[in-house]
Structure formats: structure tokens, C-alpha cells
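Here's the structure, in C-alpha cells; my notes come after.
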Number of protein chains: 4
Amino acid sequence: MSAARNPAERRRRIVEAACDLIPEVGVGGLTHRLVAARADVPLGATTYYFKTLGDLVAAALEAAAELTAEWLRRWAGELASAADVPATLAALTAAYLRERDRMVTWNEMYAAAGHRPELRPLARAWNDGLTEVLAAHVGPEAARRAAVFVDGAVLHALVNDDPLDQDALAGALAALMTQP
Amino acid sequence: MSAARNPAERRRRIVEAACDLIPEVGVGGLTHRLVAARADVPLGATTYYFKTLGDLVAAALEAAAELTAEWLRRWAGELASAADVPATLAALTAAYLRERDRMVTWNEMYAAAGHRPELRPLARAWNDGLTEVLAAHVGPEAARRAAVFVDGAVLHALVNDDPLDQDALAGALAALMTQP
Amino acid sequence: MSAARNPAERRRRIVEAACDLIPEVGVGGLTHRLVAARADVPLGATTYYFKTLGDLVAAALEAAAELTAEWLRRWAGELASAADVPATLAALTAAYLRERDRMVTWNEMYAAAGHRPELRPLARAWNDGLTEVLAAHVGPEAARRAAVFVDGAVLHALVNDDPLDQDALAGALAALMTQP
Amino acid sequence: MSAARNPAERRRRIVEAACDLIPEVGVGGLTHRLVAARADVPLGATTYYFKTLGDLVAAALEAAAELTAEWLRRWAGELASAADVPATLAALTAAYLRERDRMVTWNEMYAAAGHRPELRPLARAWNDGLTEVLAAHVGPEAARRAAVFVDGAVLHALVNDDPLDQDALAGALAALMTQP
DNA sequence: TATGAATGAGTCTTCATTCAT
DNA sequence: GATGAATGAAGACTCATTCAT
């Protein structure tokens with residue numbers, strides 16, 4: 001299971017290292033050297049597995065999106081068995097707002113997509129996914145509104161020491177999801 | 001009024017050039033050389049007026065925040081004379097969602113603040129300012145909710161070809177601002 | 001006859017690919033990767049069949065020299081049955097001056113020999129061979145003069161859009177081959 | 001007159017170093033590092049004065065062409081006062097055939113022009129210049145023939161230990177320049 | 001035998017920053 | 001005060017070559 005002579009594992013480790021680094025240094029701060037050091041592979045390995053740094057960045061963002069997909073599955077599960085959907089979503093969101101690394105990563109994703117159009121589909125994954133999950137409980141418009149609000153709350157939490165608390169979230173989400 | 005032999009004007013031109021460049025190349029893409037070329041000043045001028053590149057970036061982001069302050073004053077004016085506050089806010093927001101450069105700049109601001117804590121107060125300017133403006137019309141909680149939603153809509157527009165339209169915005173904002 | 005599992009054929013394909021590439025990228029532009037891709041063989045094959053890149057280059061230049069040998073045989077045949085040797089040589093040369101790839105390859109050969117003395121015998125093949133062919137018709141001194149002139153004409157054609165035309169060549173070659 | 005803080009001199013030294021290196025390592029062997037070391041300037045200086053390596057190479061080849069222009073002026077002088085033009089040209093050529101570095105440099109020039117069309121005008125300088133010089137003494141056709149022959153002799157000398165001797169050159173050049 | 005993986009040296013290039021003028 | 005020159009560190013990327021399999 002070691003990384004040496006195990007291409008898939010090696011590649012995975014490089015991507016994982018890049019992913020880990022994004023919240024620390026940002027997408028723009030990623031360098032071959034930094035990733036290689038974090039992944040504990042030789043410098044040459046990063047260019048062997050990824051033709052360009054852009055490719056490596058894209059792979060890292062894809063991995064981040066994939067992690068988010070798992071995240072979404074958990075949210076879907078919780079909401080499926082929820083008595084009060086907006087309240088449950090508020091609780092889940094409140095927990096999310098305390099995961100600084102994840103929030104920073106997603107903001108980096110949005111910023112990267114702002115400059116590299118080919119990343120936009122990737123950057124849509126989270127919000128579209130959440131909208132879809134919510135649409136199982138409320139109409140598509142209400143679902144979109146709520147998902148958009150969640151992202152706004154993330155942006156707010158990113159630069160405020162006191163993010164919106166669960167009550168505030170619940171109030172807003174209930175308003176957005178209840179209205180026709 | 002020429003830039004030569006006019007320190008204040010020169011400095012202003014450099015900052016303006018940096019500001020202009022942010023939507024094009026991102027905060028991470030700013031370099032002394034690039035800014036100097038755009039501002040049409042000698043390379044030395046950029047380091048003469050700003051001790052480090054970080055200082056120049058900060059000045060550019062401050063300028064962006066200042067532009068936003070003007071923006072906010074306009075929104076305050078429009079809302080002061082509005083019959084229907086949520087609808088007017090929706091109209092203003094819909095217009096904002098078509099200003100790609102401005103949105104990209106703000107997202108760069110959030111991303112930068114995610115990595116450089118000293119920029120967080122600056123990054124709060126827009127959302128806090130908008131909250132304050134709205135608080136003149138609805139309670140502070142509703143104002144915050146609405147402002148947060150607007151930022152979520154910006155994020156959405158950044159990566160979607162079809163941003164939320166004015167009706168969708170109006171519906172959501174009305175829900176958020178009407179509920180107690 | 002396929003290349004797989006047929007060492008000789010595989011080697012031949014590699015050399016041929018390298019030879020093809022010389023006019024395109026120059027001797028200095030040859031790389032294992034480039035040759036492997038062009039020959040459609042795995043990267044490892046190029047180092048398996050040739051200990052070093054220099055060996056591969058040498059093999060490619062040898063192949064180019066061998067192609068030239070065929071070329072020379074044709075010229076010998078044409079001249080053997082020629083009524084007017086200088087005029088026939090002029091016609092053959094004029095045709096050569098339109099074969100850009102071949103000229104570039106030979107110039108690369110000369111340039112390579114300028115830096116790698118071990119290649120000099122190879123680089124002499126063309127001119128010595130031509131001299132020998134011509135010596136069957138005129139004396140050795142005249143043969144050498146004519147061969148030297150032909151190479152000068154190639155160099156001229158390499159950097160001029162209008163190479164020497166057949167009449168000019170015929171005049172010069174007649175003068176060189178007729179004089180004692 | 002030191003190179004420090006003397007841009008023109010600095011640039012000159014870099015170009016001169018590059019020029020010196022061409023016969024040793026070939027145009028393809030030039031690197032920023034090599035040139036910087038030979039010129040005894042920091043690595044950064046080579047890229048400061050020449051945006052790309054290609055620019056540096058071009059500057060070096062231009063310098064080589066300029067040296068050749070001086071060379072040509074000398075030949076023009078010698079021929080102007082010559083009793084026997086072909087014999088004098090043969091003597092000058094024989095001397096040239098012993099200047100290995102110069103010959104290698106010119107062959108590199110031709111090879112480089114073979115791959116970089118923008119260098120072709122530069123590569124024509126020598127032969128066109130010589131043709132012009134000779135045209136003052138014989139007709140333009142004879143002048144071109146003779147110049148072409150000289151270049152052929154250079155190519156021959158490049159890969160033969162025994163270049164054409166002065167007598168052989170004189171015979172050939174007389175034949176070429178005497179015929180109408 | 002054959003080959004994909006691996007890597008370390010080396011390439012061009014960019015750039016923040018310093019500093020002499 | 002102002003600026004062009006200067007440079008060393010660092011970055012992305014390429015590649016010959018080695019080697020485990």
C-alpha cells in the first residue's frame with residue numbers, strides 16, 4: 001500500500017496534499033514544490049503525474065468537490081428523516097459555518113472559477129447539489145433560494161468572527177422555504 | 001493635474017491601475033511590473049510608493065471597498081425613496097449581478113481575506129454597509145438576512161450563466177425582510 | 001512484420017522517426033519522448049535500443065547518410081548515360097535544391113559534425129560520394145570542385161527563396177568541370 | 001568602463017560571451033547560465049537584457065554577422081588592389097578555411113536559419129556581401145558563383161582535415177570568374 | 001525482454017526588492 | 001525625490017537516464 005511504485009496511490013497522495021494546502025495558502029499559493037513536500041514525494045513526481053500546475057490544481061479542486069458530494073449525501077440523509085426541514089438545514093449549516101477550512105476551500109473554488117471558466121461546472125457542484133437535495137422537500141425555487149442563502153452565510157462567516165447563529169439561520173431558511 | 005511631479009496623483013493612478021487589474025488577473029496575479037505598465041509609470045514608482053507588494057494589494061482592495069461605498073450610497077438613496085423596499089433591492093441586486101468585474105473583485109476580496117486576516121475588516125465593508133442601509137427600513141435581523149442573501153446570489157451568479165432573475169430575487173428578499 | 005515483438009523492426013522504426021524529425025526540430029531538438037511518440041513506441045523502447053540519446057542521434061544521422069547513398073546511386077545512373085555531364089548534374093542539383101527537408105537534414109549533419117568530431121566521417125559521405133561519382137567522368141580535381149560547388153549551392157538555397165536556377169548551375173558546373 | 005552600472009557595456013559583454021560560445025557549444029547549446037558564467041555577470045542579467053533566450057541568440061548571431069561585415073571590408077580592400085582577383089580571393093579563402101571557429105559559427109548560423117525563418121536575412125549577409133564585393137570585379141553571375149563556391153569550400157573544410165588548398169581554390173575560382 | 005515509473009539535474013523565465021545615481 | 005539597473009530566489013516545466021517489475 002506504500003506510495004512507491006503504486007501510481008494510483010501516489011497520485012492520490014499528491015492530490016490530497018494539494019487539497020490540504022488550499023485552505024492554508026490558497027489556490028494561487030500552490031506550487032509544485034509545496035505540494036511535493038507536503039505529499040512527501042520528489043518534486044519530479046508532481047510534474048510526472050500532472051502535466052501542468054493547472055492540471056494539478058484542477059485535480060485538487062475536483063477532489064474537494066468529491067468530498068463535498070459525500071457531505072451532501074450526509075445532508076440528504078439527515079433531511080430525509082427530519083421533522084422540520086428548515087430547522088434541520090439550519091443546524092447542518094451552523095455546523096458547516098464552523099468548518100473554516102472547508103469554507104475557505106469553497107471560496108477558493110469560486111474565486112478560481114471566476115478566472116478560469118473551465119472550472120465553473122465544478123464550482124457549481126455544491127450549490128446545485130444542495131438545491132437538488134432541498135428540492136426533494138420544497139419546490140425548486142424555494143430550494144434554490146435556500147441554497148443561495150446558505151452560500152451567503154458561508155461568505156459572511158468567512159470574514160466575521162461571529163457567523164449567523166442557528167436561530168438566525170433557521171428563521172431565514174424557514175422564511176425562504178415556506179413562502180411559495 | 002498630470003501624474004508627473006504630482007505624488008498624490010501618481011499614487012492614485014497606481015492604485016487605480018491595480019484595482020482595474022484585479023478582475024483581469026486576480027489578486028494573486030498582481031505584480032509590480034504589471035501595475036506599473038497599466039498605470040504607465042516607471043517600475044520604480046510602484047515600489048517607491050508602496051513598500052511591498054502586499055501594501056499595494058491592500059491599497060487596491062481599499063480602493064475597491066471605497067468604490068463600493070459610493071455604490072452603497074446610491075443604493076441607500078434609491079431605497080430611501082422606494083415604495084416597495086424588497087422589490088427595489090431586488091432590482092438593484094439584479095443590476096449588480098450583471099456587473100461581472102465588480103463581482104469578481106469582491107470575490108477576490110473575500111478569498112484574500114480568507115488567507116490574510118488583516119483584510120477581513122475591509123472585506124466586511126460591503127455586507128455590513130448593506131446591512132446598515134437596509135436596517136433603516138427593516139429590523140437589523142431582517143437586514144442582515146437580506147444582505148447575506150444578496151451575497152449568496154452574487155456567488156451564484158459568478159459561476160452560473162443564468163443568475164437569479166429579478167422576480168426570484170424579489171420573492172426571496174420579500175420573504176426574508178417581511179418575516180419578523 | 002509488426003513492430004511488436006520484432007526487435008529489428010522496432011529499432012528501424014525508432015531510427016526512421018528520429019530521421020523524420022530532424023528537419024522539423026533539428027538534431028538539438030530530438031528527445032527520447034519526441035522520437036518515441038513519433039515512432040509510436042513506448043518511451044522505454046528508445047532507451048532500450050539506444051544506450052544514450054547521442055547514440056540515437058548518431059543512428060539517425062547514419063540513416064540519413066544511407067538514404068543519401070541511394071540518392072547517389074541514382075545520380076550515378078543518370079550521369080552514366082548522360083550526353084552532357086555538367087548539364088545533367090545541374091538538372092539533378094536543381095531538383096535537390098527544391099527538397100528543403102533533405103537540405104536541412106544535411107545542414108544539421110554538418111553542424112553536428114562541427115561539434116562532434118566522431119560524426120565527421122559520416123558528414124563526409126555525401127560530398128565524398130558525389131566526388132567519386134563525378135570522378136568517373138572528369139578528373140578528381142574537377143570532380144571535387146564541382147561537388148564543393150553543389151554544397152555551396154545547397155547552403156545558398158537554404159537561406160534564399162530563389163535558389164540558383166538550372167542555367168546558372170549549368171554554367172558554373174561546366175566551367176568547373178571543363179577547365180583542366 | 002566597468003560593466004557594473006553601465007548598461008551598454010554590460011549588454012555588449014553578454015553578447016560577446018554568447019558569440020564566443022557558439023563555436024564551442026553550438027547555438028542549440030547556449031543557455032542563460034552558460035552565457036552568464038562566461039560573461040561573468042549574474043544569471044539574472046542575461047534575462048534582464050534579453051527577454052528570452054531566443055532574443056539573446058539572435059543578438060549573438062547579429063554580432064557574428066557584424067564581425068563578418070568587418071571581415072568583408074578587409075576582403076574588399078585586398079581585392080581592390082589585387083592584380084589577379086581570383087588568385088587573391090583564393091588566398092583570402094584559404095586563410096578563412098583555417099579559422100575553424102569562424103566557420104563553425106557560420107555553419108551554426110545557416111543551421112539556425114534553417115529552423116527559424118526570421119534569421120534567414122541575417123544568414124544571407126555573408127554570401128550576399130561577398131557577392132557584392134566580387135561584383136565590383138566581375139559580372140554579378142560570376143560573383144554569385146564564386147561566393148557560392150567559397151561557401152561550399154567552407155562546408156568541405158568543416159568536415160575534412162585537409163581543406164582545399166590555395167591552388168585548388170584558385171583554379172576553381174578562376175574558372176568560375178573568367179567564364180562569361 | 002521490455003516498459004512504465006520515477007527522479008534529480010537543469011532549463012527558461014518571472015519577480016520582489018534593493019540600491020546607485 | 002525618483003527611477004532604471006541589478007540580482008538572487010523561486011517557479012513551472014522538461015528530460016535523460018535509471019530501474020523495478
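Not one N or O on the side chain of R38(D) forms a donor-acceptor pair closer than 3.5 Å with the backbone of A17(D). For T46(C) (side chain) and P42(C) (main-chain N/O), no donor-acceptor pair under 3.5 Å exists by modelled atom type. Remark: side-chain polar atoms of E108(C) are paired, donor with acceptor, to backbone N or O of V27(C) under 3.5 angstrom. Using a distance-only test at 3.5 Å, with no hydrogens or angles considered, no donor-acceptor pair links the side chain of R120(A) to the main chain of G114(A).
Atom P of nucleotide dT14(F) and atom CG of D55(A) are separated by 11 Å, given to the nearest angstrom. The CG-P distance, from D40(C) to dG4(E), rounds to 11 Å in whole Å. Look at CD1 on I14(B): it is 12 Å from C1' on dT3(F), rounded to the nearest Å. Going from atom CG of L53(B) over to atom P of dA10(F) covers 16 Å, rounded to whole Å. Residue R5(D) contributes atom CZ, which lies 11 Å from atom C1' of dT7(F) at whole-angstrom precision. The NZ atom of K51(C) sits 14 Å away from the P atom of dA2(E) (whole-angstrom rounding). For the pair F50(B) CZ and dT18(E) P, the computed distance is 16 Å after rounding to whole Å. Atom pair E9(D):CD and dG4(F):P shows a separation of 22 Å (rounding to whole Å applied).
Comparing dT3(F), dT3(E), dC13(F) by their nearest atom to the side chain of L43(A) picks out dC13(F). With dT7(F), dC12(E), dA16(F) as the candidates, the nucleotide lying closest to the side chain of T31(D) is dC12(E).
Remark on DNA chain F: of its neighbouring residues P42(B) and T46(C), the 5'-side contact belongs to P42(B), judged by nearest-heavy-atom nucleotide. With DNA chain F read from its 5' end, the first of the two nearest nucleotides for T52(A) and T52(C) is the one closest to T52(A).
Within 4.0 Å (heavy atoms only), L56(C) reaches no atom of the nucleic acid at all. Among the protein residues, Y49(C) comes within range of the sugar-phosphate backbone only, with heavy atoms under 4.0 Å from sugar or phosphate atoms but none that close to a base. When heavy atoms are screened at a 4.0 angstrom cut-off, L30(A) is found touching the sugar-phosphate backbone but no base atom. Heavy atoms of T47(B) sit under 4.0 angstrom from at least one base atom.
A sub-4.0 Å separation between OP1 or OP2 of dG1(F) and a side-chain N or O of Y48(B) is present. Phosphate contact (OP1/OP2 of dT3(E), side-chain N/O of R10(C), threshold under 4.0 Å): present. Look at H32(C) and you won't find any side-chain N or O under 4.0 angstrom from OP1 or OP2 of dC15(F).
Nucleotide dT21(E) is matched to dA2(F) when pairs are restricted to Watson-Crick or G-U wobble geometry with both distances under 3.5 angstrom. Using N1 to N3 plus N6-O4 or O6-N4 for Watson-Crick, or N1-O2 and O6-N3 for G-U wobble, each under 3.5 Å, dT7(F) pairs with dA16(E).
Applying the 3.5 Å distance criterion, the base of dA16(E) shares a donor-acceptor pair with the side chain of R33(B).
By the 4.0 Å N-to-carboxylate-O rule, R11(C) lies too far from E16(C) to be salt-bridged with it.
No side-chain donor from either of H115(D) and E24(C) sits under 3.5 Å from a side-chain acceptor of the other.
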